[in-house]
Every structure is written in structure tokens, then in C-alpha cells.
There are 2 protein chains.
Amino acid sequence: MALQHAARTAYGKDRMSITIRDVADAAGVSTATVSRALRGLPHVDPETRERVRQVAAELDYVVSPSASRLASGRTGTVAVITPFIDRWFFSSVLSGISDVLQERDVDLLVFEVGDPGTNPGLPPERRLRGRVDGLIVVTLPTDAMRVADLLALGLPTSFIGTTWEGSNSVTIDDVSAGRVATQHLINLGHRHIGMISGRPRASASQAHRAQGYREAMAGAGLTPEPSLEAYGYFTVQGGEEAMTALLSQPNPPTAVFAMSDDMAFGAIRALQRHGIRPGSDIAIASIDGHELAELLDVTTVRQPVVEMGRTAAEALLARMMDEAAKPEEMMVPTTLIVRGSSVPPERTSTAGPQGRPT
Amino acid sequence: MALQHAARTAYGKDRMSITIRDVADAAGVSTATVSRALRGLPHVDPETRERVRQVAAELDYVVSPSASRLASGRTGTVAVITPFIDRWFFSSVLSGISDVLQERDVDLLVFEVGDPGTNPGLPPERRLRGRVDGLIVVTLPTDAMRVADLLALGLPTSFIGTTWEGSNSVTIDDVSAGRVATQHLINLGHRHIGMISGRPRASASQAHRAQGYREAMAGAGLTPEPSLEAYGYFTVQGGEEAMTALLSQPNPPTAVFAMSDDMAFGAIRALQRHGIRPGSDIAIASIDGHELAELLDVTTVRQPVVEMGRTAAEALLARMMDEAAKPEEMMVPTTLIVRGSSVPPERTSTAGPQGRPT
DNA sequence: ATGAAAGCGCTAACAA
DNA sequence: TTGTTAGCGCTTTCAT
């Protein structure tokens, strides 16, 4: 029954594929009608539409994306700009995004741009022109210039982890997250509380978490000591080094707030290496909700990461469909999850066991 | 100096962008010459080429991908088909792939297809036609049918984690990995060794790891006991449940080979919950080289995952450039990394401490 | 070495 | 409701 018009050889670029012409001919209509019918546009006789669909299915026709894109000016694809793809936070966000994009049949293009410091191949901005209809930017720390370039593309954009005036964004309340984690340590009875933060020139999100820490401290009448703050660069190793530094202080903290789970993991390793028991000797609380935080028994303020990806993607699609849609700044809730890494102080407060290796 | 031909308004689809025509006019040549010059094709006067380049740069011209694709039939993009994005192995592989693709200015399209069991939206095969010039398939466990569909697209393809006759592939020697991990436990003096494998209907890779386990056992004159094998589904939780099951055996193992680090992590948690010390009470060795394996002190056979992604991408690109390039089956080396989770048996062998919670 | 011209396969007015 | 007709912006013979 199927009248195969074009030959389909197995390999090579010269494989002739079925075009809208073939479908039009086989269905006895014009290509315009096929186009309308298949895309579900109005003003098509239901019968005609059905017939076209049948024929298209029989011929196993698939629209040529390049042709469709060229003619329509739409690409049906969204780019995600992310510093990393192989770290928990980012891969989780990506997964959430991928989820909703795939549901809606939108292509997902990934651009991994590395740490804000690093300079990757081309600035993505030139690589994006004409390729995508929308952008999702994942926590590009205060690299304002580059962000401005991206926005100059004039595409609908969603931010994750940062807010941006006039664009969609999905964030957690970082101030609150920092405050909650710190307050939890305070409530446990700790008064000598250190902090492992990210990097010197911080992102807004990092600054907010620090602010939350200070607010909680101030609220308890405590003064954060600069000597009890260290940078962990959001990595396990960085966290370990930061904790090691804190332990070498004359008067080490009895508790530490780490801005990310990875850094908390590193901190815990440092403790173990010093023969200090996490929790009972020195308490740790962090932010993230990393899958392995449960395993490592780390108290953390969980952020719904996959969900954040989903939400950002949905908001973006809404904006892409309807240019008039107002950009939203969405703040999603976090949850404190208390585990074994945070318990009341045991020792005679301040001076924990020091340098007792293994 | 720059003679801006087309207006560039900030937003909207009606933004007129600079086309090859503009560049041609400004440079006083034909569009064909511009095309050749910019793409580095031969038969262009060096002077002309330089002038065209200048003009293009001044005008900030960027080729329209859709137009170029339609005219040339090439898309300059590669799709990665992966069951997951947000798990260590997969996100690491993706990162490696992204790396080399970005270097070569090739777009990366990601398709997350979920567990082999699950059925995602559209079969990717129809969604891929005309969109990409090459495919990277990441460990799609024996879902042979679907793979056949993909290959029917007639595109150069690289496999990661699986071999496929006639295609590029990057794998580790799974038999060897399983054997090495098991042999290590044997060398430690263990004789009662269990195994946590993936799932019932296994992938080739899983089968090979199991084979390695059996080979090592046989080589030591040991008989693998079916009651000491459990499925962990490659997840932390699955690993925990599997270990729990093993512990409830009348005669639990003194050592366990887990096919993935995640499952080993779960197994360790199970041990902890039972008040059993990993390493000294029951030894664990696994395969992967997960970043956190160091933290958790897990002995593992490391596979160079990011590198595997890079290699697969490079092989694919080579094949895309030169159709004649022979498909290669690349096997990359693994490394046993011994850590605290595997030490010689302590107790009077077989019966470890049981059910002593916390 | 360069240019002219014919598409690539589709979409989007505009007619009918 | 459907068809006709221009393109979309490039690449690629084929001439020159």
C-alpha cells in the first residue's frame, strides 16, 4: 500500500530521504497543507489532516529540522550554559531540565564553560547565535560581563541559582539556608562556629549564605571570627584543606558551617585524618542535599535540585511560547535534614583534640 | 569604519541579522567566495581571504547554522544517548565528551533515555533523524532492538561501555576488572567471597564482571556460592539492600565484590547499620573509581571515565571526518586502588558479628 | 581564483 | 479550506 517514492539506502550522505513533497504527492495535497496538517495548525479539514497523517506515517516521514528551522526562524532547541556537568549539583539540574525538555520535544544543547576563572574555547555567545530559542544559565558566579553578552542575544533566559533582573530565575533563599544551618549548630549549644565558604570573589549566592551565617550568629549574640572562616572552593579537596586550616587555629571551632555538601565531605575527611570524630567532637552542617550526604551522615539544608532544573525549564518554555509572559523570580523551599554530623558539643567547649593523627 | 548594513534591534524574531550577502557586498566579492574564504577551503587568494575575514569580523558575522545545515546536509552536532545524566559515571563521561566536542566546535545534543526498562517519550531514533552527524551511545544495556534502530540511522556511532560489531567502542576489560577485584580479596586471605551485581537480565559488561569474579574464584580453587550473590541495581540503595540480604545468610561472606562503587557505598552503609566495620570485619572491593570512594575509603578498580568519554568522542569525530576510517574497539586500562575497605580477614573466618545494630 | 545560479526542504503570506 | 509562490541563508556545481 505504501508508495515509497524515494529510495532509502542504508548509509552515506547521499541517502535520499522522504520530503514533504513525497507526502504531499502521496496524499494528493499541496506541501503547504501537509505542513499545516502535521503541525496541528487550524484551518485544515479534519479528514484531510487524518489522511495526511496516515500517509506521513506510512512513509515514515520526519520533517527536516534544518529546513524547518531555516524557513521558520525557530530552532526548537534550548541551550544550557553550565560551569560543569560532572558535579552533583549541575548534573542534577541538567537532568531536571532534560526531563521537561524531552517531554516537550525540545532539543537540549549543553555548553560546559568551566570555572568562572577559566577561559574555554569560544565564548558561548557567538556559538549560540541562531542555534537556540532559549537559554538556561546555571550559576555563573558574578561573571556579569559574560552574562550580559548572553542576554544581548535577545533570547528568553532562565537563571538557576542566581537572580537576574528582568529574567526568569529559580533560586533557594540562600540567606535563610545559611541562617538555618548555622542556627541549628547554635541551638545544639555551639558558640564557637566556623565557616567554610566558596572562594574569595564570591557569587551572590555565596554572599547570601555568608550573610545568613552572620545573621544567625548575631542573633545569638555571637561574633563571627574571621580566623574561623576558610575557603573551600566548593570541592571535596578544598573543603578538606579548609578544615585542616581551621584545625590549625590556636582555638579551633567546635562546629563548622560548610556552604556545600562536597566541602562538608572534605571537612569530614580532614577531621578523620586528625582523629577527630565528626559530630561528637566537631559538628558540621552544610547546604545541598547531596545523595551521599545521607551515607556520610551529614546534616544538610536540602535544596530540591532536580526540581529546580525542571522549574527553570518550564518557566523558559512558557516564556518562549508567549513572549508576553512576565519573567518570574521563583524561590523554592529548602529543608533542614539533621544527621549525625551535628550533635551538641561534648568537650569542655573550645579546645578540641588536636593533631592526634589517626 | 564598519559599515553596518543590517539593523540590529535588541529583541524579537524580527531582528535582522547580518548575512553572508552583507559580508560579500562589503568585501566586494560573491557569496560563494565568502563561504569558501571563511571555511578555509582551497582556491581562495590569500589576500581575498584575509579581506573577507576582516570584513566578517568587523560586521560580527556568524554563519546561520540552519541555512548552512540545510545547504550542506551536515549538522555539526553529535548526540549522546545516555540512560542517565545525573549519575557519576554518566555525567563524567558526558563531561569528557563535551570537552572534545567543544574544542572542535561541534554541538552536543543530549538525550536521556532512562533505565532500559522504562519507556521514555519518543524513541530517540525518530528524534535524531536529520539532527546530528554522529552518535555516542553510553552503556545501553543489551537493549539490542533499540540499538539496532539507532544504527539504522546510518550515522557514525561510538559506544561507551559496550562493544558493537562494526562500530567504535570504548570499554574497559570488564572480565579483568572483576577478576582483579576478586583476586585482591582472595590474596587478602578471604575465601568466602560474595558478589553484588547489577540486575537480573544483565548487560554484557555486567556479565563480564561476573565472569571475572568466577574466574578468580575458580583460579583459587573456590566455588562461588549462589546464595552469596545479590542484585544491587547499580544504586546506593540497591547496594545496601543487597548487602543486607547477604548478611542475613546463614553463613555470610567475609568479603564482597561489588560491581560498582555506588553499590559498594550502599553495602558499607548496610555494614555500619549492622555494627559491622567495613574492612576489618567484612571487606569490600568494587569497580569505578568514584570521586567519593577515596572519602569512603573504598578499594576499587578505577576506570578512567572522563577519558573514556574523550576517547569515544575523538574516535567518532575521526570517523565523521573520514568515512573510510575503520571502526576501532578500544579497551582502556584500569587500576586497582587499595584502600581501607579491604584488609585481611580478622575473625575466625566465616561467621562475622551479626545483627548487632548500631 | 572567482562568480552565477540552482537548489537544500520547509514555512508563511497571499490568493483563490 | 487549500494551493501558489516566495523566500529563509547558505553551499555547491559549473562556468569563466
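Here is the naming used below: chain letters follow the sequence lines, and residue numbers restart at 1 for every chain. Both backbone and side-chain heavy atoms feed into the values below; hydrogens, waters and symmetry mates do not.
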**Asked** Mapping Asp45(A) and Ser72(B) to their closest nucleotides on DNA chain D, which lands nearer the 5' end?
**Response** Asp45(A)

**Message:** Which is more 5' along DNA chain D, the nucleotide nearest Val34(B) or the one nearest Gly28(A)? Just name the residue.
**Reply:** Gly28(A)

**Minimum side-chain heavy-atom gap Glu125(B)-Leu153(B) below 4.5 Å** = yes

**Request:** Side-chain contact test, heavy atoms from C-beta onward, threshold under 4.5 Å: evaluate it for Asp107(A) versus Arg127(B) and give yes or no.
**Result:** yes

Quick one: which of [options] gets closest to the side chain of [X]?
X	options	value
Ser30(B)	dC10(C), dA12(C), dG3(C)	dG3(C)
Arg36(B)	dT2(C), dC10(D), dC10(C)	dT2(C)
Val44(B)	dT11(C), dT2(C), dG9(D)	dT2(C)
Ala71(B)	dT1(D), dG9(D), dT2(C)	dG9(D)
Thr19(A)	dC10(C), dT2(C), dT11(D)	dC10(C)
Leu70(A)	dG9(C), dA13(C), dC10(D)	dG9(C)
Arg39(B)	dT11(D), dC10(D), dG9(C)	dT11(D)
Thr31(B)	dA12(C), dA5(C), dC10(C)	dA5(C)
Thr33(B)	dT11(D), dG9(D), dG3(C)	dG3(C)

Euclidean distance, atom [atom1] of residue [X] to atom [atom2] of [N] [Å, nearest integer]:
X	N	atom1	atom2	result
Arg131(A)	dC10(D)	CZ	P	12 Å
Leu38(B)	dT2(C)	CG	P	14 Å
Arg51(B)	dT2(C)	CZ	C1'	11 Å
Glu47(B)	dA1(C)	CD	C1'	12 Å
Leu41(B)	dG3(C)	CG	P	15 Å
His43(A)	dA16(C)	NE2	C1'	15 Å
Ile18(A)	dC8(C)	CD1	C1'	17 Å
Arg49(A)	dG3(D)	CZ	P	14 Å

Listing, residues 38-46 of chain A side-chain donor-acceptor contacts under 3.5 Å, not counting sequence neighbours, or none:
{"unit_1": "Arg39(A)", "atom_1": "NE", "unit_2": "Ser35(A)", "atom_2": "O", "d": "3.3"}
{"unit_1": "Arg39(A)", "atom_1": "NE", "unit_2": "Ser35(A)", "atom_2": "OG", "d": "3.3"}
{"unit_1": "Arg39(A)", "atom_1": "NH2", "unit_2": "Ser35(A)", "atom_2": "OG", "d": "3.1"}
{"unit_1": "Asp45(A)", "atom_1": "OD1", "unit_2": "Glu47(A)", "atom_2": "N", "d": "2.7"}

**Prompt:** Is there a donor N/O on one and an acceptor N/O on the other, under 3.5 Å, for the side chain of Arg69(A) and the base of dG9(D)?
**Reply:** no

**Request:** State plainly whether the residues Asp99(B) and Arg310(B) are in salt-bridge range, i.e. N to O under 4.0 Å.
**Result:** yes

**Message:** Could you check whether Arg126(A) pairs with Asp149(A) (Lys NZ or Arg NE/NH1/NH2 to Asp/Glu carboxylate O, under 4.0 Å)?
**Reply:** no

**Message:** Consider side-chain contact (heavy atoms from CB on, under 4.5 Å). Of Val93(A), Thr311(A), Thr163(A), Thr162(A), which one does Val170(A) pass it with?
**Reply:** Thr311(A)

**Message:** Can you work out whether Ala32(B) or Arg21(A) has the more 5'-proximal nearest nucleotide on DNA chain C?
**Reply:** Ala32(B)

Would you say [X] places a side-chain N or O within less than 4.0 Å of OP1 or OP2 belonging to [N]?
X	N	answer
Thr48(A)	dT2(D)	yes
Ser35(A)	dC10(C)	no
Arg74(A)	dA12(C)	yes

